[in-house]
Each structure stands twice: as C-alpha cells, then as structure tokens.
2 protein chains.
Amino acid sequence: MIAKPHSIDVRQHILDTAQRIIGGKGFAAVGLNEILGAANVPKGSFYHYFESKDAFGEALLESYFETYLADLDRRLSAPGRPMVDRMMAYWQNWIHTQGDCDAECKCLAVKLGAEVADLSEAMRAVLDRGTKAIIKRLGQALEEGMADGSLKVAGPAFSTAETLYQTWLGASLMAKISRSATPLEAAMRATRMMLHLDPPH
Amino acid sequence: MIAKPHSIDVRQHILDTAQRIIGGKGFAAVGLNEILGAANVPKGSFYHYFESKDAFGEALLESYFETYLADLDRRLSAPGRPMVDRMMAYWQNWIHTQGDCDAECKCLAVKLGAEVADLSEAMRAVLDRGTKAIIKRLGQALEEGMADGSLKVAGPAFSTAETLYQTWLGASLMAKISRSATPLEAAMRATRMMLHLDPPH
DNA sequence: AAACACGATTAGACCAGTCGTCTAGTGACG
DNA sequence: CGTCACTAGACGACTGGTCTAATCGTGTTT
C-alpha cells in the first residue's frame with residue numbers, strides 16, 4: 001500500500017469517463033478504444049488496472065452503486081424535515097436527473113440492467129446487490145416516515161418500496177423510449193397515490 | 001422447396017431467428033454472422049432483404065410488435081368472461097412468459113428498450129409507437145371493464161394503463177436482474193391494488 | 001552517490017471478429 | 001433462351017479485446 005501517484009487516480013478516471021460514455025451508448029456498443037481515448041489513457045494501461053472488459057464492467061457498476069447509495073443515504077437522512085418531504089424530494093430529483101440528460105443516462109440500472117443481465121453473471125450480481133440495497137433503504141425510509149407520522153402505506157413497507165422502485169425503473173425506461181418526461185410524471189402521480197398524499201404536497 | 005418465392009419465408013425466418021438470439025444477448029452484442037449462421041442463410045441474402053443492420057433492427061421490432069399486439073387483442077377481446085378476468089389473465093401470462101425463459105427474453109421492449117433508444121432513432125421510434133399502442137389497448141380494456149362493471153379505477157383509464165405498463169416493465173427488468181419471479185409477483189400485487197380487487201381473485 | 005533491482009506502467013502488435021460490399025452463380029418463369 | 005429475384009461466400013477496411021515486451025519510477029544496496 002505505497003502511496004501511488006497514479007494508480008487510484010487513473011483507475012477512477014477510467015471508471016468515471018466510462019460511466020459517461022457507457023451510460024450513453026451501452027456496454028457492448030462501446031469499445032475500450034473509445035473510452036481510453038476519451039480518458040487519455042493508453043490502451044496498454046487498461047489491463048493493468050482491470051482483468052478484462054467484463055471485470056471492468058463489474059468495477060464500473062460497483063463504483064456507480066457506491067456513490068449512488070451514499071447520495072441516497074445523504075438525501076434520506078437529511079434531518080429537520082419530515083420523511084415525506086425527503087422521500088418526495090428524492091423522486092423529484094429522479095425526474096430531474098433522468099429527464100434532461102438524454103445522451104448520458106444517469107441511472108445505470110435502467111441503461112444496463114437488461115443488456116448486461118444475460119451477458120455477464122458478475123455484472124448481474126452487482127446490479128442485483130445494488131438494486132436490492134436501494135430498495136432496502138427506501139423501505140427503511142418508509143418505516144421511518146410511518147414512525148414520524150408523515151407517511152402511511154398499506155402492507156409491509158418493503159413491499160411498497162419494491163413496487164415504487166420498479167415503477168420508477170419502468171417509467172425511466174419509457175422516458176428513454178419516448179424521449180419525454182411524461183412517463184416520469186405518471187410515476188410521480190402513482191407514487192403519490194401509493195403513499196396516500198393526493199390532497200396536499 | 002415450395003413453389004412460393006422464398007422472399008417472405010426467408011425474410012421472416014431471419015427475423016424469427018434473430019428475435020431469439022437478440023432477445024437473449026442484446027442488439028449490439030450479436031453479429032450478423034451469428035444470426036445468419038443460426039438461420040442457415042448466407043450473408044449475401046441478408047443485404048438483399050435488409051438495407052443495413054440498423055434497418056434490420058427496425059424490421060425486427062416492427063415484426064415483434066405486430067405479433068404482440070395481435071396476441072394482446074386476442075386476449076383482451078376474448079368474449080364471454082368479464083374484463084377483469086381477461087386483464088388479469090394477461091398479467092398472469094406476463095409472469096409466465098417472463099418468468100421461465102431466462103436466456104431469451106420474450107419482451108423486446110424490456111430487453112432492447114434502454115440499449116437501443118440511444119443507438120438508433122429509427123428503432124427508438126418503433127419502440128415508442130409499439131409501447132404506446134400497448135398502453136392504448138390496455139386503457140381501452142380498462143374502460144370496457146368499467147363499462148361492464150367488473151373494474152373500477154381512480155382517475156382516467158389511460159393514466160392507470162400507463163402506470164400499470166410501466167410497473168410491469170420495471171418489474172420485468174428487476175426479474176432479469178434478480179433472476180427470480182418475485183418482482184413480477186410484486187407487480188401483480190400492485191396491479192390488484194390499483195384495480196381495487198384485493199378481496200377476491 | 002552510483003548502480004542496481006524490480007514492480008508499476010505503457011506502447012503497440014496481434015488475430016479473431018465486425019459490418020458491409022461485391023462479383024459470380026443459381027434457378028424459376030415468361 | 002433471357003431475365004431477374006435470389007443465393008453464395010470471398011473480400012476489405014476496420015475495430016474488438018488481449019497479451020508480450022519494453023520503459024519508467026522509486027527504494028535499496030553497496
């Protein structure tokens with residue numbers, strides 16, 4: 001564990017660059033050349049940091065979910081405001097991030113899920129763990145919301161969290177296909193309904 | 001073999017074979033050689049029937065939605081039974097088709113949607129038209145169900161149809177990622193809830 | 001301090017595979 | 001026969017991921 005000047009930097013730099021490009025074009029459609037060219041990293045270096053393109057994809061998804069979950073935690077644990085607000089702000093932000101960026105899909109679960117699930121068992125496993133972690137947190141948030149009295153859901157919180165996440169995944173897919181935000185707005189309406197907060201908010 | 005010119009046969013044979021393979025591996029990850037090899041069609045023929053791989057993908061999706069919509073119409077117009085039954089049978093069948101086949105994803109909207117939307121404008125357009133047509137039919141079915149008294153939904157039928165379809169898309173994506181049917185079962189519970197038929201059925 | 005050792009990093013060769021083109025060739029039917 | 005829809009598959013220009021050999025950087029030894 002010597003303080004390496006480049007190691008971590010270069011590795012992460014490749015991952016960050018790749019996330020933008022692969023988030024836009026998909027996994028199989030993008031070649032190493034394009035990524036490494038954009039990152040200004042010689043091709044030869046790649047296999048020093050990653051064992052294969054497959055292993056690289058695994059690392060890419062791990063890196064993605066790591067920052068995603070950290071951000072999610074930050075958003076859902078923001079103190080002071082009732083949980084409804086935090087949660088609805090999260091969905092609102094989903095609309096925001098998925099809506100404007102057509103080229104670079106911010107949500108890799110949406111962009112890569114279907115493509116990669118049958119392509120690489122390792123990548124599928126990371127996606128599985130990542131999405132399960134997201135749903136788990138959403139479920140905990142719902143329970144917190146019921147505890148602080150700002151939320152009320154029918155049935156177990158985890159079940160609702162699962163359905164909510166699935167709905168937003170599907171809506172994001174439809175948003176990509178239709179190149180419009182209306183599917184996301186439909187998801188927002190459905191979310192309000194599931195959480196029984198039609199009157200206010 | 002058959003007196004009828006091969007035109008239609010061969011063309012459709014290529015499309016059918018491709019649907020299986022591409023439904024399993026995705027669009028970019030599959031080369032023409034693999035498809036044509038499996039279909040026992042020489043490469044030279046391919047470019048007689050299709051202008052390019054891109055145009056071929058377009059035709060593939062068109063063919064897919066054509067048969068999908070025909071099947072959907074058949075299912076939803078089955079006479080005799082109330083619309084709830086027909087509709088729930090449709091979702092049940094969704095679980096059935098998406099659940100068992102891991103390799104060849106039957107629903108190309110799920111498998112190719114995210115990948116292709118940013119790859120080919122033509123293919124995206126077909127997906128857009130196809131999914132909109134499905135939602136439209138589901139909305140009409142919901143209205144029929146309200147007319148025959150077997151269904152009751154909150155708000156406009158089209159809105160509910162949109163949300164239902166999105167939920168099932170998302171659930172199918174999660175089913176692929178988790179390699180299990182539980183997301184689809186969650187979608188089924190959510191569907192029952194949205195249609196207010198928790199007690200019976 | 002100079003030479004060395006050795007792992008970290010890079011450069012580029014490598015071949016299999018990509019899409020798409022193109023010329024020959026087949027065979028059915030007017 | 002002649003025509004034309006269709007088949008056959010070699011070919012080219014290119015890109016894919018992978019790997020070996022050379023280079024660089026840094027700490028150690030003398």
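Every chain is numbered from 1 and lettered A, B, ... according to where its sequence line falls, protein lines coming before strand lines.
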Problem set entry | Shortest side-chain distance from A:L32, nucleotide among C:dT21, D:dG17, C:dA8 | D:dG17

Spacing of [X] atom [atom1] relative to [N] atom [atom2], expressed in whole Å:
X: A:H13; N: C:dT9; atom1: NE2; atom2: C1'; answer: 16 Å
X: A:F50; N: D:dG17; atom1: CZ; atom2: P; answer: 14 Å
X: A:N40; N: C:dT9; atom1: CG; atom2: C1'; answer: 16 Å
X: B:Y49; N: C:dC19; atom1: OH; atom2: P; answer: 20 Å
X: B:I35; N: C:dG20; atom1: CD1; atom2: P; answer: 11 Å
X: A:K53; N: C:dA16; atom1: NZ; atom2: C1'; answer: 15 Å
X: A:L119; N: D:dG17; atom1: CG; atom2: C1'; answer: 14 Å
X: B:F27; N: C:dT18; atom1: CZ; atom2: C1'; answer: 13 Å

For this session: List in chain and number order the residues that pass salt bridge (charged side-chain N to carboxylate O under 4.0 Å, His left out) with A:E115, two or more places apart in sequence or in another chain; answer none if no residue qualifies.
Result: none

Show every donor-acceptor pair shorter than 3.5 Å between a side-chain atom in residues 132-144 of chain B and any protein atom, with sequence neighbours excluded, or say none if there are none.
residue: B:K132; atom: NZ; partner: B:D128; partner atom: OD1; Å: 2.8
residue: B:R137; atom: NH1; partner: B:D73; partner atom: OD1; Å: 3.0
residue: B:R137; atom: NH1; partner: B:D73; partner atom: OD2; Å: 2.5

Problem set entry | Any side-chain heavy-atom pair of A:W91 and A:W94 under 4.5 Å | yes

Exercise. Any side-chain donor paired with an acceptor under 3.5 Å for B:D148 and B:S150?
Worked result: yes

Which atom pairs, one a donor and one an acceptor, fall under 3.5 Å between side chains of residues 29-40 of chain A and the rest of the protein, sequence neighbours left out?
residue: A:N33; atom: OD1; partner: A:K43; partner atom: NZ; Å: 3.2
residue: A:E34; atom: OE2; partner: A:K25; partner atom: NZ; Å: 2.8

When you measure from the side-chain N and O atoms of [X] to the phosphate of [N], is any distance below 4.0 Å, counting only OP1 and OP2?
X: B:Y47; N: D:dT7; result: no
X: A:H48; N: C:dT9; result: yes
X: A:N33; N: D:dG17; result: no

For this session: Using the test side chain to side chain contact (heavy atoms under 4.5 Å, CB included), find all partners of B:P42 that sit at least two apart in sequence or belong to another chain.
Result: B:S45

Problem set entry | Partners passing side chain to side chain contact (heavy atoms under 4.5 Å, CB included) against B:S159 (at least two apart in sequence or in another chain) | A:R189, B:P156

Exercise. Mind checking what makes side chain to side chain donor-acceptor pair (under 3.5 Å) contact with A:R129, not counting sequence neighbours?
Worked result: none

I'd like a list of close polar pairs between nucleotides 2-4 of chain D and the protein, N/O only, cut-off under 3.5 Å.
none

For this session: With sequence neighbours excluded, tell me which residues meet ring-ring contact (aromatic ring centres under 6.0 Å, His included) with B:F50.
Result: B:F46, B:F56

Below 3.5 Å between N/O atoms, which protein atoms pair up with nucleotides 11-13 of chain C? Just atom names and distances, please.
none

